[in-house]
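Report on one structure; see the data block that follows.
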Amino acid sequence: MKIKQILIDLNNAYIFFCSSVYLGMFWTLHFFWFPHYPSTLNISNYYDAIIPQTETATKYFFVTIPIMSFCLVIMLITEWKGKLRWVPLLWIPGLLIPVIVQQKFIEDINDQFKAGVTDMTVLQQLLKDWMFYNDVRFYILTIMWAVTMYFFIAKARRA
């Protein structure tokens, strides 16, 4: 196997790794944490249940998303003449929209969480909005994981 093909495979594997991390994180939030947040979080415990995890995730994705973007450009270049070039093309909005949702909507709510919420009604509304915007990302990134899985299945069938 040529070194160029090994590097391309590693590049594409990194994209699949990142899409799998997204899938795992958002499925965990959607199916295990969000159903319980409205009834279990209150003004005395919401901060420790959300903010440290959110800040850690933000630091993690601050590193991985630029690398993933670079890898998607490499995938686009290597697939440009093939039938699967739509995969990296679809990843452009598939990655960009969740980042925009994060920056435009979720960060504002995170800032309100960090500032300290003292009213339970306000907390419930913020949680509702926060979960909604994260679910938007859940649906998009689930589709993108399936698209990425399709890419590898299609490649395997051609081999």
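We're numbering straight along the sequence, starting at 1. Model, not experiment: these values are computed from the prediction.
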Option among Asn12, Ile8, Ile6 that satisfies the side-chain contact (heavy atoms from CB on, under 4.5 Å) test with Leu10: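 It is Ile6; the other options fail the test.
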
Taking the inter-plane angle between the rings of Tyr150 and Trp86 on a 0 to 90° scale, is it parallel (under 30°), tilted (30 to 60°) or perpendicular (over 60°)?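 Tilted.
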
If we ignore hydrogens and angles and just use 3.5 Å, is the side chain of [X] paired with the main-chain N or O of [Y] as donor and acceptor?
X	Y	answer
Gln124	Pro38	yes
Asp48	Ile51	no
Asn11	Leu7	no
Asp135	Phe138	no

Does the side chain to side chain donor-acceptor pair (under 3.5 Å) test come out yes or no for Thr148 and Trp91, once each step is laid out? CA-CA 9 Å; Thr148 306; Trp91 260 110; 2.9 Å; yes

Restricting to non-hydrogen atoms, name the atom on Pro98 and the atom on Pro93 that form the minimum distance, rounded to 0.1 Å.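 Nearest heavy atoms, Pro98 then Pro93: CD-O, 3.8 Å.
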
Please give me the minimum heavy-atom distance between Thr40 and Asn45, naming the atom from each residue.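 Smallest interatomic distance, heavy atoms only, reads O-ND2, 3.0 Å.
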
For [X], does the [atom1] atom sit with more than 12 other heavy atoms under 6.0 Å from it, leaving out its own atoms?
X	atom1	result
Arg157	CZ	no
Lys128	NZ	no
Phe31	CZ	yes
Tyr60	OH	yes

Rounded to the nearest 0.5 Å, how far apart are CD1 of Ile15 and CE of Met144?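 Ile15 CD1 to Met144 CE: 10.0 Å, rounded to 0.5 Å.
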
Interatomic distance, Lys114 atom NZ to Glu107 atom CD [nearest 0.5 angstrom]: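 Here the interatomic distance stands at 6.0 Å.
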
Apply side chain to side chain contact (heavy atoms under 4.5 Å, CB included) to the pair Ser69 and Leu95, showing each step before the final yes or no. CA-CA 8 Å; Ser69 299; Leu95 189 59; 3.6 Å; yes

Criterion side chain to side chain contact (heavy atoms under 4.5 Å, CB included) on Leu41 and Ile50, from CA distance to verdict: CA-CA 10 Å; Leu41 295 184; Ile50 294 176; 3.9 Å; yes

Under the side-chain hydrogen bond (donor to acceptor under 3.5 Å, both in side chains) test, residues paired with Gln125 that sit two or more places apart: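 For Gln125 the side-chain hydrogen bond (donor to acceptor under 3.5 Å, both in side chains) partners, ignoring immediate neighbours, are Asp129.
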
Ring centroids only, cut at 6.0 angstrom: are Tyr47 and Phe113 within range, meaning strictly under it?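 No, too far apart.
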
Are Trp27 and Tyr22 close enough that their ring centers fall under 6.0 Å?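 Here the rings of Tyr22 and Trp27 have centres that are no less than 6.0 Å from each other.
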
